[in-house]
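These notes concern the structure reproduced below.
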Amino acid sequence: MGSVNQTPRVIPSTQTPYFTPANNGGEALDPTDPNTPTLFRPLKIRDVTLKNRVVVSPMCMYSAESDLSSPLVGALTDYHIAHLGQFALKGAGLVFVEAQAVQPNGRISPNDAGLWDHSPDSEQFKSLQRVVQFCHSQGAKVAVQLAHAGRKASVLPPWVAVQAKKPNVKADESTGGFPSDVVGPSGGADEAWDGTGEGYWAPRALTVEEIQELVQAFAKSAETAVRAGVDVIEIHGAHGYLINQFLSPVTNKRTDAYGGSFENRTRLLREVLTAIRAVIPSGTPLWLRISATEWLDGQAVAAESGTWNVESSLQLLPLLPELGVDLLDVSSGGNHRTQKINIHTNYHIDLAAQLRKAIHATGTKTLVGAVGFITEADQARGLVEGADEAHAANATVSGPEPVADVVLMARQFMREPEWVMNAAKKLGAKVEVPVQFWRAGLV
């Protein structure tokens, strides 16, 4: 008898509880090909392998339920499935869920996502798990950014301010806000972010007991995220949110063990990282986003109290390996209204390059992520090209020194969700394409 032709089967993903064809868009067909740019080569961090170096940065969408009495408060929604799922489908190696508050009063707005309800039956847990399952079915890894807004909490979504023609609009109790529970390292009317109280609430100073509760809240949220299937945990220590507020002498006027010296001002961050590393698997990567500088050098407020600047960040670097940090996500600014930034396309990228060079000079292995105004394929390629070789040799490779090990983008993905596929085409990198897109002539 002749052979019987059998119809090829559709291969389903094992990652979802419903039928979904398995995809791995954006993965290089041959990562070892010398013509495959580093941007499209895999990167292994602990037990997690990213299929490429393109990371979707956290983007606050202000689209979650705000009512604390609702079981849906802080939970991701179908909007988030559509928003985040498109990046996974179209080839990103790692997709960040937007910043998730570890406590209810850690939300920037009442409509922020949260991860303070740790029950596997909670809507926060189930909605995060659903996002993770879909992204995994498309071959993307998922990260969460755990955060607490501190004195920048309890404001309305930014488009409300735009409609009101104001820089910012406070959220009071009538709009789900929590003005009496806005907190910071220091309290009082002078500590309102805008200095006037017009657009931000005056915070109250956290007690030591509350700080210790906060440390455990970060750890519990990290543990919950891992149980939901999340691959990477990032701590938000940038942009003037609570951990950044503790790091800076401009916003931290405490006189106890959490204020004053560099050691004391970094205590909260060190305790948070230590607590998280103790409860997540050893194979789970831990990232940290910092503002490398507040851009306050030369400003009156810095002359009065000191500031967090590049030298401060360089002082932090040697602590990261012992705290279990695998990658430093380098941003800047956001902690004080008088910041003076000479904005250009590389102002964040230059900081990442400076810190990465310092890391390599010490022989440590902390990776670096570059953010800010990354829009073009050639630009992204140039930032990471040769990064693996440079790390292996603890030296630069021939040609320009790599600036980072991964690139993180947010706004460009809003403009161009298919950026990874477009970049692969522009760079001549042969990558996997979702099977549903084949008939569009993409293979």
- Query: So, are Lys365 and Asp405 salt-bridged, with charged N and O less than 4.0 Å apart?
  - Reply: no
- Query: Heavy-atom distance under 4.5 Å between the side chains of Arg289 and Ser57, does that happen here?
  - Reply: yes
- How about Leu247 and Asn252: do any of their side-chain heavy atoms sit closer than 4.5 Å? no
- Arg411, CZ atom: more than 12 neighbouring heavy atoms under 6.0 Å: no
- Are any of the side-chain heavy atoms of Ile108 and Val155 separated by less than 4.5 Å? yes
- So the ring-ring contact (aromatic ring centres under 6.0 Å, His included) pairs with at least one residue in residues 43-80 (sequence neighbours excluded) are Tyr79-His83
- Task: Return yes if some donor-acceptor pair links the side-chain N/O of Arg277 with the main-chain N/O of Thr274 below 3.5 Å, else return no.
- Result: no
- Task: Answer with yes or no whether the side chains of Ser69 and Asp67 bring together a donor and an acceptor at under 3.5 Å.
- Result: yes
- Taken in chain and number order and not counting sequence neighbours, the residues that satisfy side-chain contact (heavy atoms from CB on, under 4.5 Å) with Lys126 are Glu123
- Query: Partners of Arg46 by salt bridge (charged side-chain N to carboxylate O under 4.0 Å, His left out), sequence neighbours excluded?
  - Reply: Asp326
- Query: Do Glu294 side-chain atoms and Trp308 backbone N/O form a donor-acceptor pair below 3.5 Å?
  - Reply: yes
- Message: For the CG atom of Leu269 and the CD1 atom of Ile290, what is their distance to the nearest 0.5 Å?
- Response: 9.0 Å
- Message: Using modelled atom types and a 3.5 Å cut-off, is there a donor and acceptor pairing between side-chain atoms of Asn23 and backbone atoms of Val435?
- Response: yes
- Item | Check: Thr224/Arg227 side-chain N/O donor and acceptor closer than 3.5 Å | yes
- Query: With sequence neighbours left out, what residues match Glu65 under salt bridge (charged side-chain N to carboxylate O under 4.0 Å, His left out)?
  - Reply: none
- Message: For Thr251 and Asn335, which I'm curious about, is there any donor-acceptor pair between the side chains at under 3.5 Å?
- Response: yes
- Message: Check this for me: Lys426, atom NZ, are more than 12 non-hydrogen atoms of other residues, nucleotides or ligands nearer than 6.0 Å?
- Response: yes
Donor-acceptor pairs under 3.5 Å, side chain of residues 156-169 to any protein atom, not counting sequence neighbours: which ones?
from   : atom 1 : to     : atom 2 : distance (Å)
Asn168 : ND2    : Gly199 : O      : 3.2

- Message: Under the side chain to side chain contact (heavy atoms under 4.5 Å, CB included) test against Val406, which residue among Leu327, Leu383, Leu367 passes?
- Response: Leu327
- Message: Can you tell me how far apart CD1 (Ile243) and CZ (Arg270) are? Round to the nearest 0.5 Å.
- Response: 12.5 Å
- Message: Asp388 and salt bridge (Lys or Arg N to Asp or Glu O under 4.0 Å): which single residue from Lys44, Arg41, Arg53 fits?
- Response: Arg53
- Query: Between Asn309 and Leu296, is any pair of side-chain heavy atoms under 4.5 Å apart?
  - Reply: no
- Task: Applying side-chain contact (heavy atoms from CB on, under 4.5 Å), name anything that partners Asp117, two or more places apart in sequence or on another chain.
- Result: Ser119, Ser122, Gln124
- Message: Between Asp350 and Tyr347 (side chain of the first, backbone of the second, donor and acceptor by atom type, cut-off under 3.5 Å), is there such a pair?
- Response: no
I'd like a table of donor-acceptor pairs (distance under 3.5 Å, sequence neighbours excluded) in which one partner is a side-chain atom from residues 231-241, with atom names and distances.
from   : atom 1 : to     : atom 2 : distance (Å)
Asp231 : OD1    : His136 : NE2    : 3.4
Asp231 : OD2    : His136 : NE2    : 2.7
Asp231 : OD2    : Val142 : N      : 2.7
Glu234 : OE1    : Gln145 : NE2    : 2.9
His236 : ND1    : Ala238 : N      : 3.3
His239 : NE2    : Ser331 : OG     : 2.7

- Output the distance between atom CD1 (Ile374) and atom CG (Asn346), rounded to the nearest 0.5 Å. 9.0 Å
- Does the pair Asp30 and Lys430 meet the rule for a side-chain contact (heavy atoms from CB on, under 4.5 Å), with working shown? CA-CA 8 Å; Asp30 184 2; Lys430 296 181 177 6; over 6 Å; no
- Backbone N/O of Gln15 and side chain of Ser137: donor-acceptor pair under 3.5 Å: no
- Query: Residues two or more places apart in sequence or in another chain: which of them pass ring pair (Phe, Tyr, Trp, His ring centres under 6.0 Å) with Trp287?
  - Reply: Phe96
- Would you say the side chains of Thr364 and Thr366 form a donor-acceptor pair under 3.5 Å? no
- Message: Could you check whether any side-chain N or O of Lys51 sits under 3.5 Å from a backbone N or O of Gly25, counting only pairs where one atom can act as donor and the other as acceptor?
- Response: yes
- Taking side chain as C-beta onward, heavy atoms only, is Pro318 less than 4.5 Å from Thr362? no
- With sequence neighbours left out, which residue pairs that include part of residues 403-432 fulfil the ring-ring contact (aromatic ring centres under 6.0 Å, His included) condition? Phe87-Phe413
- Can you name the residues that form a salt bridge (charged side-chain N to carboxylate O under 4.0 Å, His left out) with Asp378, not counting sequence neighbours? Arg381
- Message: Once rounded to the nearest 0.5 Å, what's the spacing between atom CZ of Phe246 and atom CG of Leu242?
- Response: 5.5 Å
- Do Val272 and Leu146 come within less than 4.5 Å of each other through their side chains, counting heavy atoms only? no
- Task: Could you tell me which residues satisfy salt bridge (charged side-chain N to carboxylate O under 4.0 Å, His left out) with Asp78, sequence neighbours excluded, listed by chain and number?
- Result: Arg130
- Message: Can a donor-acceptor pair be found, under 3.5 Å and without considering hydrogens, that links the side chain of Ser221 to the backbone of Leu115?
- Response: yes
- Asn105: side-chain contact (heavy atoms from CB on, under 4.5 Å) partners, not counting sequence neighbours: Gln103, His148, Phe178, Asp181, Val183
- Query: Rounded to the nearest 0.5 Å, how far does NE2 of His336 lie from CD of Gln245?
  - Reply: 11.5 Å
- Task: Please check if the side chain of Gln129 supplies one atom and the backbone of Gly229 the other of a donor-acceptor pair under 3.5 Å.
- Result: no
